[in-house]
Structure formats: C-alpha cells, structure tokens
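Notes follow the structure.
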Amino acid sequence: MSFSWKTARNIMRKDQGISSDVQRLEELISLVFLRIFDALEEEWEDEAEDEGREFNSAFAEEKFKWRNWALPDKDGKTLTGDELLSLVDNLFKYCKTVNVENLEPRQRIIRKVFADLNQYMKNGTNLRELVDVVNELNYHDAKQRNLFGQMYEEMLKLLQSAGSAGEFYTPRAITKFIVEMLNPKVGETFGDFACGTGGFLTAAIDYFHAQKNLTNKEVNKINSAIYGCEYKPFPYLLCNTNLLVHGIDTPQIAYGTAFNKNINDFDEEEKVNVIAMNPPYGGTTTAAELTNFPAQFKTSETAVLFIAYITKRLKQNGRAGVIIPDGFLFGTDGASVAVKKVLLEEMNLHTIIRLPSSVFAPYTSITTNILFFNNEKPTDSLWVYRMDMPEDLKHFSKTKPICDSHMEVVKMWWNNRIEIAEEGNEKSRCFKKSEIAANGYNLDLCKYPKEDQEILSVRDTILNYKKLSQAADKKIAASLEKITAALGIEL
C-alpha cells in the first residue's frame, strides 16, 4: 500500500462516521500531523542528546506516541478494531489538554492544533487501514518529504470543490505570482494574517529556497521569519502541517483572529517586511474587534478592515500584495474611501492587477484584483492592468484552472509597463494620483468590457413576441395533427 489521497479517501468512504471530503481531509491530515510530529520529536530528541540536554516528549504517556501504537510491534502485530478506535479517540482528547509547561516552544503546537479537531471514524478496522496508508510516509527521507509536499498540494486543491472550505484555497499560480512580484529576501520577515492552508507562506518558503543554495544559518532565518494567523481549526491544522512538510519545524501561526489588538498599537518588532494575503470577504466581525479600528475604518466588510490592518503591520519600506474583490475598488462607503485614501496618500499603491471572474471557480465567481503597495512614500502614480482570459479558454474551471503559464503575460507587462487600449477599451494605463483623488478615490479602472446587448423598442418587442408565439402555435398544431391521426380521432 502506498501513500495517496485516493487510497485514503476510498478507505474513509467505507466508514459511517465520515460524510464529506472536508471531514475526510481533517481525519487524514490529523493523522499525518501526528506521524510527522513523531518523526520530528525523534530528530529533536537526538539533537538534545548531542547537545547534552534533557528532552521531554509532548506525549508523556508513551502509549500515545505514534511509534508505539501506529507501527507494528516487535512481533509484527498491529493494533486494530475497537482497541485502536478507543486509543485514537483518547489520543485526540489527550492532545487537546496536553501539559505544555515543560515543553519546548516548537512542541506546544500540538495542543493548539488539536484544540478544536474531531476524530470522525467509527470503524477500527477502517482506521487501521488508514493508519497503514499514513505509515507509508517516511518523513526522515528528504526525497519523500518533497513528494509528500506535492501530494499535500493536490489534497488542498480538493478544497476548491469541498463546500465552504473552498475559501481557504487560493490558486497556486496566483500565490506564486504575488510572492515573485514582492521578491522577499532571506533575512526579511513574511506574513499572512488570514493564512488559511498556508499557501502564501509556503510559496514564500519555496521562493526563498529557489533563489540559491542556502546555508544552515539562512535556513534557520527562514524558519523564524514566517508568520501567520488563522482563526478556524481545520485550516489551522492544514497550515501547520503544510509548514512542517516545508521544513518549518516551529510554525509561528497564531490561532485566533488577527483583529485582537488595536491596529495602531503594533510596535516595530511585531511588524513584518512583506505581506501577501487573500483576506476573507464579507466575513463576520465582532463589536469587540471593531473597537480596535479607528472610527473612519469601521465596517462590516472584513476585506476593507484587513487592508487597513495590513497598512499598520508593515515595517518601514515594507511591501504587500493583497487579493481584494471588485466591491472595494468602486465602494463609496466611508470606510472604503478612507482606506483607499490611506493607500494613495500615506502608502504607495503602485499596481492593480485585475483578474478574470473565474479565477476562483468553482468556489466563487466574485471578480477579484491584486493590490500591490508599499510604505516607502505616498503614491505618485498607479498602474492598472487587466488580465484577460487566454484565447483558448472561455473561463477557468475545476478541470481547467489558472496555471503558471497564464501569468506569464502579466509578468511580461510587469517588467515592461506600457499603456494598452484595445478597440477603445483600456487594458492597461498609468493614472496620476490627483486624477484618482478628483474622482472620489474610485479605483474601478481598466474595466472588463461588457457584451453589447440589443435593446428593442416596445413595438419591436411586441412584434418579436408575436412571431415567437405564432411559431410555437404552428409546432403545437402540427404535433396535435400527428397524434390525432395516429389515434384515428377526428377533431
């Protein structure tokens, strides 16, 4: 048996305790996390021994260590059935309440991750099969770590069609593009404060490693330079596991809302050099959270709040790339205008990339945009570029998603910015800040052209309806004639 999502999924489909792909993913990734964590604890234990210091396992009860219940014993026997089911149920409970007092910071993650997770499976034999699949993952093998990273990415793609969980997945072509344009450097801090499954964070890690062969010192810098925040338990699990798979053994992901502190109270140590985000749109915000925003920014639209938040979390000369819905661009409510004014008057909003509406299909058809800004100086001019659909596609879909190759045309424009007008319609243009300010800070620029619709006069509409009605009557009469003839009925 080999490790694969397809194999695991088929096993879990047999179990009455699991009814959806979201639950299947949560079940599988919970076990994968435990498998990886056990492998890491073995490495940390060896590290402590080499350094002559004591190491305390997060699993004070030996029976809960993966190696002691999930793997075959010295006689080749494995735990299964009701006995296994009972142990795993108790293991989940143990992880929720584990005493973290004497543990290293990197070990304390176990309690945070399992705080709100569930063990769904009801059949111990099915659970045994699933555990055997997870056992095929050898986390000590660098090659397997890389292969598993690819498999994990495929599993995350399932979230696009897994009900509301799709909100946690941003197409990797988009995350890679944003990170590449932000160009984070080793030694800089990188953050996503609504990080979902960790797509932007892992894209940054991959980008760091792709730049050059890193020294151990540089790798350690990366390990301590990635920051995130996620307030839902399932994506929090996915993100932490994703970071472990990418070699970050001390994920610095806060569990909870990003809006738990006044946005004007962040000191320089809490700020980061680079931020890439796809914040939730139209989310819910509590009255307590809103007290942490100045009056001019208060709104029920979380996307607007996050833009205001990001402007306060950037270090001096920091830079950000943020995905935002169309509504923010043309929004005329007080908070939207106030935030746009900050982006133009206090920050340097230098580029907007408009994305096709099907980029996030099938999860949502909301049209989105990427805002690139920094806080080096106030905006002087703003470039807007409209990314059109590739000529061979009408729209992106689950089977034909947006790919890296689709972003190449945007990269070419990014590196050689020119104004483009097609048939009188602006595809790319540079706008002066004064021009935008004079128009009420409306950023709805270089719009997608709408298909021309023929609007008939009242007389032509009636005539058109009459023609269609007469044609329909003729078809009905012909059908009746055939039926009556076949039945020998005279009317």
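Sequence positions, counted from 1, serve as the residue numbers for this chain.
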| field | Phe200/Ile323 under side chain to side chain contact (heavy atoms under 4.5 Å, CB included): CA gap, chis, key distance, verdict | value | CA-CA 11 Å; Phe200 279 110; Ile323 300 172; 4.1 Å; yes
| Worked check of side-chain hydrogen bond (donor to acceptor under 3.5 Å, both in side chains) between Thr189 and Asn273 | CA-CA 5 Å; Thr189 48; Asn273 299 107; 3.0 Å; yes
Under 4.0 Å between a side-chain nitrogen and a carboxylate oxygen: does that hold for [X] and [Y]?
X: Asp116; Y: Lys232; answer: no
X: Lys176; Y: Asp404; answer: yes
X: Arg319; Y: Glu376; answer: no
X: Lys447; Y: Glu426; answer: no
X: Glu136; Y: Arg35; answer: no
X: Lys185; Y: Glu188; answer: no

Side-chain donor or acceptor of [X] paired with backbone N/O of [Y] under 3.5 Å:
X: Lys377; Y: Asn348; value: no
X: Glu26; Y: Asn118; value: yes
X: Asn375; Y: Lys315; value: yes
X: Arg354; Y: Asn369; value: no
X: Lys433; Y: Asp380; value: no
X: Arg417; Y: Trp414; value: yes
X: Gln252; Y: Tyr227; value: no
X: His406; Y: Ile402; value: no
X: Tyr448; Y: Arg386; value: no
X: Gln23; Y: Ser19; value: yes

Quick check on the 6.0 Å ring-centre criterion: do [X] and [Y] meet it?
X: Phe37; Y: Trp44; value: yes
X: Phe208; Y: Phe190; value: no
X: Trp66; Y: Phe33; value: no

Quick one, [X] and [Y] - any side-chain contact, counting heavy atoms below 4.5 Å?
X: Thr379; Y: His350; result: no
X: Ile263; Y: Leu305; result: no
X: Phe373; Y: Val322; result: yes
X: Phe55; Y: Glu41; result: yes
X: Ser358; Y: Met389; result: yes
X: Pro325; Y: Thr367; result: no
X: Val179; Y: Leu182; result: no
X: Arg24; Y: Arg13; result: yes

If you compare all heavy atoms of [X] against all heavy atoms of [Y], which two are closest, and at what distance to 0.1 Å?
X: Pro251; Y: Leu243; result: CB-CD1, 3.8 Å
X: Tyr281; Y: Ile324; result: OH-N, 4.0 Å
X: Cys403; Y: Ala173; result: C-CB, 3.5 Å
X: Ile110; Y: Ala58; result: CG2-CB, 4.3 Å
X: Gly196; Y: Cys239; result: O-CB, 3.2 Å
X: Asn242; Y: Thr197; result: ND2-O, 3.0 Å

Heavy-atom count around [X] [atom1] within 6.0 Å, excluding the residue itself: above 12?
X: Lys271; atom1: NZ; value: yes
X: Lys298; atom1: NZ; value: yes
X: Glu268; atom1: CD; value: yes
X: Gln316; atom1: CD; value: yes
X: Asn213; atom1: CG; value: no
X: Lys112; atom1: NZ; value: no
X: Asn415; atom1: CG; value: yes
X: Lys400; atom1: NZ; value: no

| task | Evaluate the criterion side-chain hydrogen bond (donor to acceptor under 3.5 Å, both in side chains) for residue pair Glu180 and Tyr207; output intermediate values, then yes/no. | result | CA-CA 7 Å; Glu180 187 176 337; Tyr207 185 79; over 6 Å; no
| message | Could you check whether Glu419 and Tyr385, counting side-chain N and O atoms only, form a donor-acceptor pair closer than 3.5 Å? | response |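 Tyr385 vs Glu419: no donor-acceptor pair found between side chains.
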| field | Verdict with supporting geometry, Glu47 and Arg53, salt bridge (charged side-chain N to carboxylate O under 4.0 Å, His left out) | value | CA-CA 9 Å; Glu47 180 186 293; Arg53 56 185 174 81; 3.2 Å; yes
| query | Does the ring-ring contact (aromatic ring centres under 6.0 Å, His included) test come out yes or no for Phe92 and Phe114, once each step is laid out? | reply | CA-CA 7 Å; Phe92 270 62; Phe114 280 84; 5.2 Å; yes
| request: Give me the ring orientation class for Tyr309 and Phe306: parallel if the planes are under 30° apart, tilted from 30 to 60°, perpendicular past 60°. | output: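 Geometry flag for Phe306 against Tyr309: perpendicular rings.
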| request: Please work out whether the ring planes of Phe372 and Phe177 are parallel, tilted or perpendicular, with thresholds of 30° and 60°. | output: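 If you compare the ring of Phe372 with that of Phe177, the planes turn out perpendicular.
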| Spatial distance of atom CG (Leu117) from atom CD1 (Ile29) [nearest 0.5 Å] |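 So the CG of Leu117 and the CD1 of Ile29 are separated by 11.0 Å.
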| Atom CG of Leu443 and atom NZ of Lys340: how far apart are they, to the nearest 0.5 Å? |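 With rounding to 0.5 Å, CG (Leu443) is 5.0 Å from NZ (Lys340).
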| task | State which residue, out of Lys261, Arg313, Lys312, fulfils the salt bridge (charged side-chain N to carboxylate O under 4.0 Å, His left out) condition with Glu270. | result |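 Checked Lys261, Arg313, Lys312 against Glu270; only one passes salt bridge (charged side-chain N to carboxylate O under 4.0 Å, His left out): Lys261.
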| query | Yes or no on side chain to side chain contact (heavy atoms under 4.5 Å, CB included) for Ile174 and Met407, after CA distance, side-chain angles and deciding distance? | reply | CA-CA 8 Å; Ile174 300 296; Met407 302 306 297; 4.0 Å; yes
| said: Does Asp333 form a side-chain hydrogen bond (donor to acceptor under 3.5 Å, both in side chains) with Ser336? I'd like the steps, not just the answer. | reply: CA-CA 6 Å; Asp333 61 284; Ser336 293; 2.7 Å; yes
| request: Show your reasoning for whether side-chain hydrogen bond (donor to acceptor under 3.5 Å, both in side chains) applies to Trp413 and Ser428. | output: CA-CA 9 Å; Trp413 172 87; Ser428 170; 2.9 Å; yes
